[in-house]
Amino acid sequence: MRKILEDALESCRKYAEEGRVANYIPELAKSDPAEFGIAVISDACHLECVGDYDKPFTMQSVVKPMILLMALIDKGADRVRSLVGVEATGKPFDAFNYSDQALKREHINPMINTGAIALCTLINGDTYEEKFARLLDLTRKMAGDEALSVDEDVYLSEKMTGNKNRALAYMLKAYGMIEDDAESVLDVYFRACSIKINCIGLAKIAYILANRGKDSRTGEQVIPPEYARYVNAIMTTSGMYDGSGEFALNVGVPAKSGVGGGIMAVVPNRMGIGIYSPALDKKGNSLPGIKALEILSEKLEMSIF
Ligand code: GLN
């Protein structure tokens, strides 16, 4: 395994030159495109890591599966589905060009910004601070890292400049899909996107999702199996946004990317993978990360299809 990871890392480094770090969140423009790390947890919880596997980066959209899980745990699948649909949009993660006059649940899913922002309202808690604290606790637990915290600079950077997300939140409000104060809802979303993690943390979350919600290290059923299935299914169709079909063909596992450069990949019953490289393709997915996953998929026969 180690040799396979080292080879994948070395042969995909060159793609960093073709990618670009996200700059629409000013703080993310400071990322180093040359950083590249992989962590894989496989059989009997064996962890193998290469490159910058312990460098922290912000989760960004990799937190969307966590928001979905928290909403499912707190409100159940029927309520979640009544607010946010499950179909792939085939559009960018921050798209707002819905074709109908009104915004409806059918237009969104939990892996795009509008869907994730809406789901923040379903997390239990009397205040939005409490809602975020619950989400952070679940993320810490699944990542096996009680020290996970928010990168305040990235959080403030997005809060100051995130007017497109603000527009999406107000659109949800305009069409009666959220009732709460849009700024408070956005605050949870921006904080969630700014949680700092590393490749090992992502691999641990993925390993739990790969094992139907059970933490094989402790034997604890951390999340109900049906919710792990829900999240994995949606990641398969929509986790890489409008690159999900291509990714299904070339890699073939449930996965979620983020503009911080992280990708979390779930190989059902077998592996949890965390990758980090902030050089993104045009769709906002880590380019070296996708290329490395293509190699791993072939060498380790990962595709579920
Ligand atoms: N915080 C980012 C945003 O809302 C997350 C997007 C992403 O990672 N694709 O724009």
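Read the numbers this way: they start at 1 and go in the same order the structure lists the ligands and their atoms.
- A cation-pi arrangement is present between K131 and Y128 under the rule of less than 6.0 angstrom and at most 45 degrees off the ring axis.
- Between Y189 and ligand 1, an N or O atom pair is found at a separation short of 3.5 Å.
- E27 has a carboxylate O that lies under 4.0 Å from a charged side-chain N of K30, or vice versa, which qualifies the two as a salt bridge.
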Exercise. Given salt bridge (Lys or Arg N to Asp or Glu O under 4.0 Å), test K141 with D137 step by step and report yes or no.
Key: CA-CA 6 Å; K141 186 168 188 185; D137 274 352; over 6 Å; no
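- For atom 10 (O) of ligand 1, the nearest non-hydrogen atom of the protein is Y24 OH, 2.5 Å.
- Within 6.0 Å of the CD atom in E226, the count of heavy atoms belonging to other residues, nucleotides or ligands exceeds 12.
- A cation-pi geometry, defined here as NZ or CZ lying under 6.0 Å from the six-membered ring centre and within 45° of its normal, holds between K291 and Y15.
- Each of the following atoms of ligand 1 lies closer than 4.0 Å to a heavy atom of F93: 6 (C), 9 (N), 10 (O).
- Taking a 6.0 Å sphere around NZ of K214, one finds it holds 12 or fewer heavy atoms contributed by other residues, nucleotides or ligands.
- Taking a cut-off of under 4.0 Å to the non-hydrogen atoms of C193, the atoms of ligand 1 that pass are 1 (N).
- Set against the non-hydrogen atoms of N113, the atoms of ligand 1 under 4.0 Å away are 3 (C), 4 (O), 10 (O).
- Of the N or O atoms in I25, none lie within a sub-3.5 Å distance of an N or O in ligand 1.
- Aromatic ring orientation, Y24 versus F93: tilted (interplanar angle from 30° to 60°).
- Close contacts of ligand 1 with G258, meaning ligand atoms under 4.0 Å from a residue heavy atom, involve 8 (O).
- Scanning the protein heavy atoms around atom 5 (C) of ligand 1, the nearest turns out to be S61 OG, 3.4 Å.
- Within the 4.5 Å cutoff, the side chain of L296 has no heavy atoms near those of the M271 side chain.
- Looking only at heavy atoms of the protein, atom 1 (N) of ligand 1 is closest to Q60 OE1, 2.6 Å.
- Among all protein heavy atoms, the one lying closest to atom 9 (N) of ligand 1 is Y241 OH, 2.7 Å.
- Distances below 4.0 Å separate heavy atoms of E158 from the following atoms of ligand 1: 1 (N), 2 (C), 3 (C), 4 (O), 10 (O).
- Applying the 4.0 Å criterion to heavy atoms of N165 picks out, from ligand 1, the atoms 3 (C), 4 (O), 10 (O).
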